[in-house]
Participant: 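Structure incoming, see below.
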Number of protein chains: 2
Amino acid sequence: MNPPTIKDVAKASGVSVATVSRVLHNLSGYSDKTKQKVLQAVEELGYQPNAIARGLINKRTQTIGVLVPDVSSSFSSEILHGIEQVANDKGFSVIMCNTDEDGKRTLKYLQVLGEKQVDGVIFTSGSLEDEYYKLLKQMRVPVVLVNTLSHKHAIPYVKVDDRQASYHATEYLIRKGHRDIAMICGTITDAIAGVPRLEGYRQALEDHGLEYMESRVGYGNFRLDMGREAMKLLLDEAPPFTALFAASDEMAIGAMGVALERGLKIPEEMSIIGYDDLVFSRMVFPPLTTIHQPLPMMGRMASEMLIQLIEGTDQVSSSIVSHQLIERQTVRQMP
Amino acid sequence: MNPPTIKDVAKASGVSVATVSRVLHNLSGYSDKTKQKVLQAVEELGYQPNAIARGLINKRTQTIGVLVPDVSSSFSSEILHGIEQVANDKGFSVIMCNTDEDGKRTLKYLQVLGEKQVDGVIFTSGSLEDEYYKLLKQMRVPVVLVNTLSHKHAIPYVKVDDRQASYHATEYLIRKGHRDIAMICGTITDAIAGVPRLEGYRQALEDHGLEYMESRVGYGNFRLDMGREAMKLLLDEAPPFTALFAASDEMAIGAMGVALERGLKIPEEMSIIGYDDLVFSRMVFPPLTTIHQPLPMMGRMASEMLIQLIEGTDQVSSSIVSHQLIERQTVRQMP
DNA sequence: TTGAAAGCGCTAACAG
DNA sequence: CTGTTAGCGCTTTCAA
């Protein structure tokens, strides 16, 4: 048999569907006796409201869509976790969309989210292309950005100040007595996460009277393997350096591996500072000193903002969350 | 204005909604001319079908629910990634539910998934309690299990043979010449992932004429910190050992950290083999030798099975996927 | 080749 | 306090 509907409950309890609906929503307008009857029927039939039917009428699905570049990365999944947490608390489900950083896929997801009538969407990490924006606009639902932002469109976001954080990391190395500091930066075509980090590094160097040397910066894509490659290149071809700032923990750890393989002691002979503070950064040995981004919290904040918007708040303001420098054991104090 | 509906398209193209529906679904029964008109109207209005309304009628939402204990863990998110991938390919969205291994939350999620009329659910890692089963049954949709199984209920699953894999890991250590082998096993109350791994270890020892010593097994909960604690205890109180088998990579890495902190060289003075092969296990230094579980693939398989079931296949068979021993650099060949 | 109409399960006036 | 009814946007007979 088919699952029981509100009609079945009505019949079983001898009242109308309207009344059933009323007691289900705790509205007023029925006697205590009917309430009992209805509740009992609900119980007996094992009735569950149909959220689809409800959504059709309310124009609310209590569902949000979240786009992430790669769920299986620690980075994305920590944010996702935060998002899911508050969404669930506030009665929203999350449809998770793994874009693979692929435009086609992203577009398709947006399309589907639209058709599924999600109440809002959270877009994480990556640049919000015009095409995306167009679709998003078309779906007429609130959007919030996490770990990215749009210069072109006024969309609320949650993000740390990369430039400042990079500056902080570099300056820390300088304070520790390092004067020859290399950097492995992320995708350089990435205006959001790539460029500002490089700038922060450069600025810190200059502010402290240290020369910025193009030959001391390697380029990666934030991932481990590119961190390794960049480190090899740096070690082979750059002017010698005693410290390295990597624009992501993955790259830092990759670089660390290369250094260790070459017999360099960390931090005695090579200091390394990362960026992100992924969960496993404290697991490696020696534990990685890094810039902490409060990923789960950023997810939670985004979720909260989005839901406020959904519930009718006109405006929420973007949030620059503060990073934190976590000292562990990969940076040495120079004599 | 409200988003355009099929009615608007009908009006704009001067035909009935039935006809619009027909061309949208590529059914037969309209002239080429009408088709053009309709398509043009769709285009002009920017019409998007409403999947909610569609779902109400079809009793199909093209959505599945996935329950994971902790998205932010590498373990869960790798499986999730696999699931999402094929789901998306086959036109399904995934609602992700983070249970936190909490019964109440799980129950609530199941409830919501039921109300949202998902077409199926995938349950990962953890024991399928009777209460869960009851709700699942009530929602009348197919279910598949990943990285767990149910002895009580006949539900298809995808899983590696833990006992065998543990045996394999232990035997490998023995082949490498180790005779004093400790183990850190997972939650011992976990009949699915805990006990069998311990048994495999024990069996391997016995089959090779080695004594199984209760004092050489530590207990953890699969997580890093417990791995650390267990290792400390083992190092302090167990009879000396040259090799360790940890029932999860996290614990292996935790144990590795402790060994390293105490000045033990890995693998020269302490060999370690893990279990899972999480992405970061190759990132640590030295890279971890471990039992590989094809997590993303298991996710993909589960997704495929579930969708087959949804599309009407009567039965699918459970799948014991094979593990693989990945030799990296944490196990030493004894002289 | 087309359209009218019933109805999916529910909510929300409106009328008693 | 309670029931009737008109949709929500769509699919699908059934007739034309």
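Throughout, a chain's letter reflects where its sequence line sits, starting with A, and its residues are numbered from 1. From a predicted model like this one, the values you see are computed outputs, not experimental measurements.
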Participant: R54(B) CZ to dT11(D) C1': how many Å, rounded?
Facilitator: 9 Å
Participant: In whole angstrom, what separates N2(B)'s CG from dC8(D)'s P?
Facilitator: 10 Å
Participant: Strictly below 4.0 Å: does K35(A) bring a side-chain N or O up to OP1 or OP2 of dC1(D)?
Facilitator: no
Participant: Mind checking if S28(A) touches a base, just sugar-phosphate, or nothing, with heavy atoms under 4.0 Å?
Facilitator: nothing
Participant: More than 12 foreign heavy atoms under 6.0 Å from CD of E101(A): is that the case here?
Facilitator: no
Participant: Roughly how many Å is it from NZ in K7(A) to P in dC8(C), rounded to a whole number?
Facilitator: 5 Å
Participant: Given atom CG of L27(B) and atom P of dT1(C), what is their separation to the nearest angstrom?
Facilitator: 13 Å
Participant: Parallel under 30°, tilted from 30 to 60°, perpendicular over 60°: which one fits the rings of F123(A) and Y132(A)?
Facilitator: tilted
Participant: Take atom CD of E115(A) and atom P of dC10(D), then tell me their distance rounded to the nearest Å.
Facilitator: 10 Å
Participant: Tell me which of Y30(B) and A53(B) sits closer to the 5' end of DNA chain C, going by the nucleotide each one is nearest to.
Facilitator: Y30(B)
Participant: Reckon T19(B) has a side-chain N or O less than 4.0 Å from the OP1 or OP2 of dT2(C)?
Facilitator: no
Participant: Step by step, work out the salt bridge (charged side-chain N to carboxylate O under 4.0 Å, His left out) result for E311(B) and R60(B).
Facilitator: CA-CA 10 Å; E311(B) 319 253 78; R60(B) 265 292 212 77; 3.1 Å; yes
Participant: Q40(A) vs E44(A), test: side-chain hydrogen bond (donor to acceptor under 3.5 Å, both in side chains). Steps then yes/no.
Facilitator: CA-CA 6 Å; Q40(A) 190 188 335; E44(A) 278 168 7; 3.0 Å; yes
Participant: Should S21(B) be listed as having a side-chain N or O under 4.0 Å from OP1 or OP2 of dT11(D)?
Facilitator: yes
Participant: Expressed in angstrom and rounded to an integer, what is the separation of R22(B) atom CZ from dC10(D) atom P?
Facilitator: 16 Å
Participant: Check the phosphate of dG9(D) against K59(A), side-chain N and O only, distance under 4.0 Å to OP1 or OP2. Yes or no?
Facilitator: yes
Participant: So, is S31(B) near the phosphate of dT2(C), with a side-chain N or O under 4.0 Å from OP1 or OP2?
Facilitator: yes
Participant: Reckon T5(B) has a side-chain N or O less than 4.0 Å from the OP1 or OP2 of dG9(D)?
Facilitator: no
Participant: In whole angstrom, give the distance that lies between atom CG of L56(B) and atom P of dT11(C).
Facilitator: 12 Å
Participant: Let's see if you can work this out: which of dG3(C), dT4(D), dT2(D) has an atom nearest to the side-chain heavy atoms of T34(A)?
Facilitator: dT2(D)
Participant: Is there a donor-acceptor pair under 3.5 Å between the side chain of T187(B) and the backbone N or O of T189(B)?
Facilitator: no
Participant: Could you tell me how far apart I6(B) (CD1) and dT2(C) (P) are, to the nearest whole angstrom?
Facilitator: 15 Å
